[in-house]
**Student:** 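Structure below; questions to follow.
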Protein chains: 2
Amino acid sequence: MADLNFSNPSGAPDSRANEGRSSATAPAGLRWDIIELLFFAYRDFVGDADHELEAFGFGRAHHRVLHFVYRYPGLKVADLLDVLRITKQSLGRVLKQLLDEGYIVQKAGNNDRRQRLLFATAKGEALVAKLAGLQTDRLNRALRDIGPSGADAVRQFLRAMIDRDDPDKVLEAIFGAGNPTAKAKE
Amino acid sequence: MADLNFSNPSGAPDSRANEGRSSATAPAGLRWDIIELLFFAYRDFVGDADHELEAFGFGRAHHRVLHFVYRYPGLKVADLLDVLRITKQSLGRVLKQLLDEGYIVQKAGNNDRRQRLLFATAKGEALVAKLAGLQTDRLNRALRDIGPSGADAVRQFLRAMIDRDDPDKVLEAIFGAGNPTAKAKE
DNA sequence: AAGATATGTCAATATGGCTGACTTAAATTT
DNA sequence: AAATTTAAGTCAGCCATATTGACATATCTT
């Protein structure tokens with residue numbers, strides 16, 4: 001195999017992997033370690049679902065749509081656009097497939113019959129629960145060792161990573177109601 | 001604006017947002033909350049860099065390449081393919097741009113002159129450090145409130161989220177040497 | 001009646017993935 | 001020395017997912 005380490009076969013500069021800080025900018029050092037851990041953790045986290053989705057001929061985009069429609073039944077198309085931060089045209093393609101194949105249904109709003117309120121069907125629920133199950137398995141494994149207080153720290157960390165200006169409907173639901181966080185909504 | 005809540009304008013099923021468990025699979029409930037927090041946290045985390053990259057005419061793919069080349073100087077093309085889990089052809093396009101525009105240079109390996117070892121130039125370092133600075137700012141904000149033990153929990157959680165079978169060179173560096181667990185690294 | 005809004009759709013384009021086939025140069029094996 | 005394997009690069013084309021701009025339709029608001 002040769003050369004499996006990062007030793008320096010060409011006399012070039014040494015690895016910066018363990019520097020802990022860069023010479024370039026931040027006074028207290030850049031958080032290279034967490035930046036990379038987030039990259040790999042998220043890659044493998046979504047990989048669980050990606051693999052399963054292939055069998056259905058779906059991609060990550062279908063998963064995101066189905067997930068939020070299942071979780072927030074009656075979501076409007078406009079809400080979904082806010083949450084996913086994509087354009088109507090991009091959503092249209094994916095949503096049409098999910099509708100055509102019976103994972104989602106639309107109902108006209110009662111107050112405003114222009115609106116198309118979205119709901120997951122039983123078929124849609126089954127798929128989204130299967131995917132969430134895979135991801136939950138990984139999360140449970142990762143949370144097992146750090147205890148309840150660690151899990152709380154993780155939740156608090158993730159919440160604090162999210163932009164709070166201009167929240168969409170889903171974020172309002174997450175941060176608004178029964179979910180007071182470190183500082184709540186401020 | 002109308003209808004800013006998730007109340008039920010069409011008599012449809014209630015929101016599942018606060019269920020805590022699904023009727024579908026997992027015995028102890030699916031971790032919907034963390035699944036969603038991860039989605040939003042990662043979306044905003046990479047959004048910091050994405051926005052800045054636009055000004056350079058680069059995309060997320062360029063960032064990933066430049067990041068790992070900077071962090072692990074002398075990385076071979078084959079290593080990069082393992083880490084990013086993309087094909088040679090996909091990498092080729094972005095790598096060529098980064099080479100042409102002077103963010104990365106290649107050197108032939110000493111032991112094996114077929115290899116092209118990759119190094120970030122000063123120009124490349126400046127860009128990658130700028131991007132890491134933006135992401136570090138967000139991380140610092142998020143970690144500030146949970147204290148050192150919370151930060152350790154987050155690190156431990158993220159490490160446990162990553163697949164350990166078939167690790168690439170970078171993961172070997174992260175998990176192998178001076179990084180027995182959530183501690184050390186300094 | 002006029003205007004604004006919610007959704008859907010057309011056409012064109014870009015990015016970043018993919019596969020398969022092939023070349024070149026250099027290392028390794030026989 | 002010759003054959004094979006390996007590392008990298010490239011060509012050609014395909015697909016998924018994103019983009020913008022323009023426009024149609026139905027419906028709500030004024």
Side-chain angles (χ1 to χ4, degrees), chain A residues 1-4 9-10 43 46-47 49-51 53-54 56-66 69 74-100 104-118 168-169, chain B residues 1-4 9-10 43 46-47 49-51 53-54 56-66 69 74-100 104-118 168-169:
Chain A
M1 289 314 306
D3 200 36
L4 260 186
S10 68
R43 179 189 71 173
V46 297
D50 285 350
H51 184 258
L53 284 160
E54 274 184 32
F56 292 81
F58 288 151
R60 208 173 289 179
H62 301 85
H63 185 193
R64 294 196 291 255
V65 171
L66 190 53
V69 168
L75 212 56
K76 292 182 298 181
V77 169
D79 299 329
L80 214 35
L81 294 177
D82 284 345
V83 173
L84 302 180
R85 294 203 184 151
I86 59 177
T87 58
K88 194 172 29 162
Q89 294 74 6
S90 297
L91 174 61
R93 240 177 328 100
V94 173
L95 185 54
K96 193 170 189 309
Q97 283 181 269
L98 290 169
L99 289 165
D100 289 348
I104 285 178
V105 290
Q106 293 179 320
K107 299 185 187 180
N110 280 347
N111 307 330
D112 185 338
R113 296 205 333 272
R114 293 171 304 180
Q115 298 173 347
R116 301 300 145 86
L117 309 181
L118 303 170
D168 52 59
K169 265 192 184 180
Chain B
M1 285 308 303
D3 198 36
L4 259 187
S10 68
R43 179 190 71 174
V46 298
D50 285 349
H51 184 258
L53 284 160
E54 273 182 34
F56 292 81
F58 289 151
R60 208 173 289 179
H62 300 85
H63 185 194
R64 293 196 292 254
V65 171
L66 189 53
V69 167
L75 212 56
K76 291 181 298 182
V77 169
D79 300 329
L80 213 35
L81 294 178
D82 284 346
V83 174
L84 302 180
R85 295 203 184 153
I86 59 177
T87 59
K88 193 170 32 163
Q89 294 76 5
S90 297
L91 175 60
R93 270 181 309 208
V94 279
L95 185 53
K96 193 169 191 310
Q97 281 182 270
L98 291 168
L99 288 165
D100 289 348
I104 286 178
V105 289
Q106 293 178 320
K107 298 185 188 180
N110 280 347
N111 307 330
D112 186 336
R113 301 208 324 275
R114 292 171 304 180
Q115 298 172 347
R116 301 300 145 85
L117 308 181
L118 302 170
D168 53 60
K169 267 192 181 178

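Residue numbers start from 1 in every chain, and the chains themselves are labelled A, B, ... in the order their sequence lines are given, proteins ahead of strands.
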**Student:** Classify B:Gly59 by what it touches in the nucleic acid, base, sugar-phosphate, or nothing, heavy-atom distance under 4.0 Å.
**Tutor:**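 Sugar-phosphate contact only - B:Gly59 comes under 4.0 Å of backbone atoms but never of a base.
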**Student:** Side chains of B:Val94 and B:Leu91: does their closest heavy-atom pair fall under 4.5 Å?
**Tutor:**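 Yes - at least one pair of side-chain heavy atoms lies under 4.5 Å apart.
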**Student:** Ignoring the backbone of B:Gln89, work out which of C:dA21, D:dA18, D:dT6 is nearest its side chain.
**Tutor:** C:dA21
**Student:** If you pin A:Thr87 and A:Arg113 to their nearest nucleotides in DNA chain D, which one's is more 5'?
**Tutor:** A:Thr87
**Student:** Please report the distance, rounded to the nearest Å, between NE2 in A:His63 and C1' in D:dA16.
**Tutor:**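 To the nearest whole Å, that distance equals 17 Å.
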**Student:** In whole angstrom, give the distance that lies between atom CZ of A:Arg93 and atom P of C:dA11.
**Tutor:** 15 Å
**Student:** Could you please name the option among C:dG17, D:dG9, D:dT27 that lies closest to any side-chain atom of A:Arg114?
**Tutor:** D:dT27
**Student:** Identify which nucleotide among C:dT7, D:dT19, D:dA18 has an atom closest to any side-chain atom of A:Gln115, counting heavy atoms from C-beta outward.
**Tutor:**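 For the A:Gln115 side chain, the nearest candidate turns out to be C:dT7.
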**Student:** Taking CG from B:Leu53 and P from D:dA18, how many angstroms apart are they, rounded to a whole number?
**Tutor:** 18 Å
**Student:** Which nucleotide in the set C:dG17, D:dA18, C:dA27 lies at the smallest distance from any side-chain heavy atom of B:Arg64?
**Tutor:**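 Between C:dG17, D:dA18, C:dA27, the one nearest the side chain of B:Arg64 would be C:dG17.
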**Student:** Hey, are the side chains of B:Leu81 and B:Lys88 touching, using non-hydrogen atoms and a 4.5 Å cut-off?
**Tutor:** yes
**Student:** Would you mind reporting whether B:Leu118 and B:Gln106 have side-chain heavy atoms less than 4.5 Å apart?
**Tutor:** yes
**Student:** Measure the distance from NZ on B:Lys76 to C1' on D:dG9 and round it to the nearest whole Å.
**Tutor:**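 It works out to 16 Å between those atoms.
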**Student:** Using a heavy-atom cut-off of under 4.0 Å over every strand shown, decide if A:Gln106 touches base, sugar-phosphate, or nothing.
**Tutor:** sugar-phosphate
**Student:** In terms of side-chain heavy atoms of B:Asp112, which of D:dA7, C:dG17, D:dT19 is nearest?
**Tutor:**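 Nearest to the side-chain atoms of B:Asp112, counting from C-beta on, is D:dA7.
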**Student:** Is any side-chain N or O of B:Ser90 closer than 4.0 Å to OP1 or OP2 of C:dC18?
**Tutor:** yes
**Student:** Expressed as a whole number of angstroms, how long is the span from A:Leu98:CG to D:dT17:C1'?
**Tutor:** 14 Å
**Student:** Are B:Arg60 and B:Arg64 close enough that some pair of their side-chain heavy atoms sits under 4.5 Å apart?
**Tutor:** yes
**Student:** Just the rounded figure in Å: distance from C1' of C:dT15 to CG of B:Leu84.
**Tutor:** 16 Å
**Student:** Okay, side chain of A:Asp79, backbone of A:Lys76: is any donor-acceptor separation there less than 3.5 Å?
**Tutor:** yes
**Student:** For the side chain of A:Ile86, starting at C-beta, report the closest nucleotide among D:dA8, C:dG8, D:dT19.
**Tutor:**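 Minimum distance to the A:Ile86 side chain belongs to D:dT19.
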**Student:** Looking at B:Leu117, B:Val105, B:Ile104, which one forms a side-chain contact (heavy atoms from CB on, under 4.5 Å) with B:Val69?
**Tutor:** B:Ile104
**Student:** How would you label the contact of A:Arg60 with the nucleic acid (heavy atoms, under 4.0 Å): base, sugar-phosphate, or nothing?
**Tutor:** sugar-phosphate
**Student:** A:Lys96 has an atom NZ; how far is it from atom C1' of C:dC10, in whole Å?
**Tutor:**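 Rounded to the whole Å, the gap is 14 Å.
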**Student:** How long is the line joining CG of A:Leu91 and C1' of D:dA16, in whole Å?
**Tutor:**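 In whole Å, D:dA16 C1' lies 15 Å from A:Leu91 CG.
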**Student:** By nearest nucleotide on DNA chain C, pick out whichever of B:Arg85 and A:Leu95 is the more 5' one.
**Tutor:** A:Leu95
**Student:** Give the nucleotide from the list D:dT10, C:dG16, D:dA18 with an atom nearest to the side chain of A:Ala61.
**Tutor:** D:dA18
